[in-house]
Structure formats: C-alpha cells, structure tokens
Amino acid sequence: MQRIILHIDMDYFFAQIEERENPQFKGKPVVVGADPKGGKGRGVVSTANYEARKYGIKSGMPISKAYQLCPNAIFLPVNIDLYQKVSNEIMEIMEKYSPISEIVSLDEAYLDLTEYSHILENMRMFGEKIGIEKSHKRAEKLARQLKKEIFEKEKLTCTVGIGPNKTVAKLAAEKAKPDGLKMVKPDEVEKFLDPLDVDDLPGIGPKTAEKLREIGINKILELKKLSKEKLKEMFGKVGERIWERARGIDEEPVSSEEIIKSIGRQITFERDTRDAKLIFGTFEKLIKEVYEELMQNNFSFKTITVICRFKNFETHTKSETLKKPTKDFEIFKKEAKKLLLKFLIENTKLVRLIGVRVSNLS
DNA sequence: ATTGAAGTACACG
DNA sequence: CTAACGCGTGTACTTCAAT
C-alpha cells in the first residue's frame, strides 16, 4: 500500500512563541534556554531564532558558548507551560486532518493521509476515480490548508514535509525550513536522498557519522554502496535500518499509542560538590518527583537505577531489581539512597550530577 | 540454551 | 587560566550469572 505521510515541524518553536508574545523581539537574536549567568551558566540552548543562528548559535549548544558568540542576544528561560499549551492547540488543529496521527514532541507530529486519499478513491467523488496523482495533489492542498489554519489561529509558521513514509517526510520538512512545504513523490525519493549527508538520516548521530566519514562515506549515494551485511557488521541491528533508510525504505506506521517504559529525573548541581547534605537533600526531591509521576500513572516498579556523573564527566549507573513489583515509597527511597551511597563510598571525586529512574513498570 | 540483571553507548528533540 | 558539553526517554549492546 503506497502511503502518503505528512511531517509537521514548527519553525524554531520556543523562540517563535516568545517573538509572538513579545513583538519587540522581532528582528533581534532570541535564545531560549538556560540562564547564561554572564557566560558561566551550565545549561544549553533549547531553541534560537534565525537572527541568533546567524551568529552560529544552535540548539543543544552550551549556553556559555552561545553567550560568547552573541552576548547581546535576548536570553530567555524555557517557559515550558506556555509552549505545552500552544502545542496542545496546534495538535488539536492537526488531528482534524486525519484520524491517524502521532505526536513526536512539543513541536513535531506525523499525519497519515493515505486513508483520506483511499476513501476519496473508493467514493468516486465527483463521479471520477481519483488516481495516485490526484491523491498527492490533494495531500499537498491539505498541507497548505493546515499551514494556513495554524498560522491564522496561532500566528505561528511551520514546515510540512510529505513523503511515502516517516523518514522521507521528515527529511523533506528538514530541507524546506522555515515556513516551507515540500513533497517527495515515490518516484522522486532516490533523487531526493542521494545528495544528502549521511547524518541527515534518522538513526545516524555524531558517532556513526564519524565512523562512516573515516572510510570516506559522506553522502547517502556513497552509503548505498555498502552492503546490508557490511552495515550490520559495523553497526549491528541499527545498521540494517540505515541500509533501508538510505534507500527510502521505512515501513514504520504512524501511531499514537505510547507506552511509558521508564520515569526518571536528574539534575546538574550549580557547582560540583561533595556536600552530603546537599546531595541527599537534592536526591530526595528527585525521588519525590519521580514517585509523584509514578502515582499519577498508577504504576508499580521493579527496577531502580541511580545515575551519578562526576566532575570529570565520567557517568555511571547502579541499579537494583526487586523480587516483586511495588508502589511502596519507603522501599523506593531506601533502595535508591542505598545505591547512591555506594557511589559516594567507592568514589571520592566531586559530584556534578545525580539522577534516579524507575523502570520495569506495570 | 534461555532469561534476567547490571552497566554502558548512542540517538533524538 | 589550562575549554566546553542539560534533561528525559528510548533502543541496543556486552558481560556475567542463574535457572
């Protein structure tokens, strides 16, 4: 079955909302993220608008580096409640366009329009059977309409990619940003993918891209020369997915069902520390937050994992799996603290980050 | 031989 | 002074042990 998948991606989402709320920011570099604290901040950039990007500022970058690049930018904290509210409104609009949708994050979603086209075909609307060509025309029209509705109701722009599957739709959107609309039809997939960089493909991150670069592979066209077996040998199971994606093959369905598999919290201290009072006090807060979320979902847990990152960035985990699933807060607290204490006993380095996670939920 | 547990690596938004 | 690297969640891998 030939599908028609849309990927909807809001443009520089957090920063665009801040521009909307504060029109005086328009045309100026805006950086949403951690507090730069005069260049000493420890967090990272969440989103930067295009003016800020001109200075080389990108999401994920340490906020201290962003501050170096443009100290005069407008630095704003992440107002997640506002972004969540706006996101909900947008997703509600989006979901009217198809019963098959998938929300990926606050600012990204997929829609499967195949059904829609299919229904039209079978209905023989307007007295004629609608062929694949017309289905694509209709999908594009719907995408334009969706963009228009989001802009009129929310005063925010987005980019829509259309393709035969999620991978191609996402890449199409990626290449059409900002405020764009791009359709890649089934017979155009190869021509579209070949010149792209390998790390454009979902599943290829910095490490994988570097390994490929080492053997002289930079573009997807070159990546296709590697056999499935070779990629499997290099990257395991992921390698096979890479082989498929390089050829525009991706059967992943658009699906809204999400199963929570773990819940956790972690925090980086303002300064590296060995202060037991501070460490355990902070740890209790994390435990409480995790437990609260656990109870909101009425979950039992079986496995507790404690994460500890030291001054030198070495990160370690310790975990314990209980005999039986439980929802008991005291057991959670006691076991988690026991694990954290082990770290503090076997290691005297300053602590940068601590975290706690529960999994094996039921 | 299979399963489970512990710990780590990597990816993504 | 000796660079700088958050948070939350997921998958997959390796290693080791128990059944």
Side-chain angles (χ1 to χ4, degrees), chain A residues 7-14 32-37 39-48 56-69 77-78 80 83-84 87 102-110 166-167 170 173-174 198-212 232-242 245 252 258-270 272 286 289-290 293 302-323 339 342-343 346 352-361:
Chain A
H7 184 252
I8 300 116
D9 195 334
M10 299 305 296
D11 302 323
Y12 62 106
F13 191 50
F14 298 176
V32 180
D35 185 346
K37 296 188 176 159
K40 299 263 163 279
R42 296 246 227 177
V44 295
V45 174
S46 280
T47 322
I57 297 174
K58 286 188 278 195
S59 21
M61 171 183 282
I63 199 77
S64 50
K65 192 170 177 195
Y67 188 81
Q68 279 176 21
L69 291 168
V78 180
I80 199 74
Y83 313 150
Q84 181 71 64
S87 176
E102 178 176 337
I103 296 166
V104 182
S105 64
L106 284 187
D107 71 331
E108 277 183 49
Y110 290 99
K166 294 211 276 189
T167 298
K170 183 173 167 63
E174 205 57 48
V198 288
D199 60 357
D200 282 331
L201 279 187
I204 299 192
K207 303 280 181 181
T208 310
E210 174 58 20
K211 276 190 200 157
L212 289 169
K232 190 177 179 184
E233 177 200 316
M234 288 177 75
F235 305 113
K237 206 172 162 177
V238 185
E240 298 181 85
R241 294 287 87 70
I242 291 173
R245 285 173 175 175
E252 212 41 47
E258 56 138 3
I259 306 127
I260 299 172
K261 294 186 176 156
S262 70
I263 296 171
R265 288 283 183 281
Q266 55 188 66
I267 192 163
T268 300
F269 291 110
E270 300 241 344
D272 303 337
L286 298 179
E289 282 181 33
V290 170
E293 194 172 331
K302 209 154 103 78
T303 303
I304 302 163
T305 304
V306 169
I307 306 118
C308 194
R309 173 175 295 162
F310 297 100
K311 182 182 161 73
N312 60 357
F313 244 78
E314 257 178 66
T315 309
H316 298 280
T317 61
K318 286 191 191 297
S319 61
E320 203 201 20
T321 302
L322 308 170
K323 295 246 157 50
L339 291 169
K342 275 198 211 168
F343 274 122
E346 70 187 36
R352 181 184 176 94
L353 166 151
I354 51 169
V356 63
R357 170 166 301 279
V358 287
S359 54
N360 247 319
L361 307 178

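Within every chain, numbering begins at 1; the chains are lettered A, B, ... in the order of the sequence lines, protein sequences first and strands thereafter. Computed from a prediction, not measured in an experiment: that's the story for all the values here.
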Open item on the list: So, OP1 or OP2 of C/dG6: does either fall under 4.0 Å of a side-chain N or O from A/R309?
Closed with: yes
Task: Separation of atom CE in A/M234 from atom P in C/dC13, rounded to whole Å - done: 15 Å
TODO: Identify whether any heavy atom of A/L106 sits under 4.0 Å from a base atom; if not, whether one sits that close to sugar-phosphate; answer base, sugar-phosphate or nothing.
DONE: nothing
Open item on the list: Please report the distance, rounded to the nearest Å, between NZ in A/K40 and C1' in C/dC5.
Closed with: 15 Å
Open item on the list: Nearest heavy atom decides the nucleotide; on that basis, is A/I63 or A/G236 closer to the 5' end of DNA chain C?
Closed with: A/I63
Open item on the list: Using a 4.0 Å heavy-atom cut-off, does A/K65 contact any base of the nucleic acid, only the sugar-phosphate backbone, or nothing at all?
Closed with: nothing
TODO: Determine the interatomic distance between P on B/dA11 and the same-named atom on C/dA4; round to the nearest Å.
DONE: 24 Å
Task: Range on DNA chain B touched by chain A - first to last nucleotide, heavy-atom distance under 4.0 Å - done: B/dA5 to B/dG13
TODO: Quick one: pull up CD1 in A/I263 and CZ in A/R357 and give me the separation to the nearest 0.5 Å.
DONE: 9.0 Å
Open item on the list: At 4.0 Å (heavy atoms only), tell me whether A/G33 reaches a base, stays on the sugar-phosphate, or touches nothing.
Closed with: nothing
TODO: Quick one: label A/T208 by what it contacts on the DNA or RNA (base, sugar-phosphate, nothing), any heavy atom closer than 4.0 Å.
DONE: sugar-phosphate
- [ ] Using a 4.0 Å heavy-atom cut-off across all strands, classify A/T317 as base, sugar-phosphate, or nothing.
- [x] base
Open item on the list: Side-chain N or O of A/R42 versus OP1/OP2 of C/dC5: is the shortest distance under 4.0 Å?
Closed with: no
Open item on the list: Tell me whether the rings of A/H316 and A/F343 are parallel (<30°), tilted (30 to 60°) or perpendicular (>60°).
Closed with: tilted
Open item on the list: Quick check on A/E240: does its CD atom have over 12 non-hydrogen neighbours (other residues, nucleotides or ligands) under 6.0 Å away?
Closed with: yes
- [ ] Write down the distance separating the C1' atoms in C/dG6 and B/dC12, rounded off to the nearest Å.
- [x] 14 Å
Open item on the list: Within the 4.0 Å heavy-atom criterion, would you say A/I263 contacts the bases, only the backbone, or no part of the nucleic acid?
Closed with: sugar-phosphate
Open item on the list: Between P on C/dC13 and NZ on A/K211, what's the gap in Å once rounded to a whole number?
Closed with: 12 Å
Open item on the list: Using whole Å, what does the distance between atom C1' of nucleotide C/dT9 and atom CD of A/E289 come to?
Closed with: 16 Å
Task: A/L69 CG to C/dC5 P, straight-line distance once rounded to whole Å - done: 14 Å
Open item on the list: Testing the 3.5 Å rule here: is there a donor-acceptor pair between the side chains of A/T321 and A/T303?
Closed with: yes
- [ ] Would you indicate what A/K170 reaches in the nucleic acid, counting non-hydrogen atoms under 4.0 angstrom: base, sugar-phosphate, or nothing?
- [x] sugar-phosphate
- [ ] Indicate, with a heavy-atom threshold strictly under 4.0 Å, whether A/R241 touches base, sugar-phosphate, or nothing.
- [x] nothing
Open item on the list: For a side chain to side chain contact (heavy atoms under 4.5 Å, CB included) check, start with the C-alpha distance between A/T268 and A/R352, then their side-chain angles and the critical distance, and finish with the verdict.
Closed with: CA-CA 6 Å; A/T268 300; A/R352 181 184 176 94; 4.0 Å; yes
Open item on the list: Need to verify one output field. Residue with the more 5' nearest nucleotide on DNA chain C, A/G41 or A/V238?
Closed with: A/G41
Task: Sidechain N-carboxylate O distance under 4.0 Å for A/K342, A/E320 - done: no
Task: Salt bridge A/E289-A/R265, side-chain N to carboxylate O under 4.0 Å - done: yes
Open item on the list: Nearest 0.5 Å, please: how far is CD1 in A/I304 from CG in A/L322?
Closed with: 5.0 Å
Open item on the list: Just N and O in the side chain of A/S46: are any of them under 4.0 Å from OP1 or OP2 of C/dG6?
Closed with: no
Task: Interatomic distance where NZ belongs to A/K237 and P belongs to C/dT14 [whole Å] - done: 13 Å
TODO: Measure from CZ on A/F313 to C1' on C/dG6 and round the result to the nearest Å.
DONE: 9 Å
TODO: Please state how far atom CD in A/Q68 lies from atom P in C/dC1, giving the value in whole angstrom units.
DONE: 17 Å
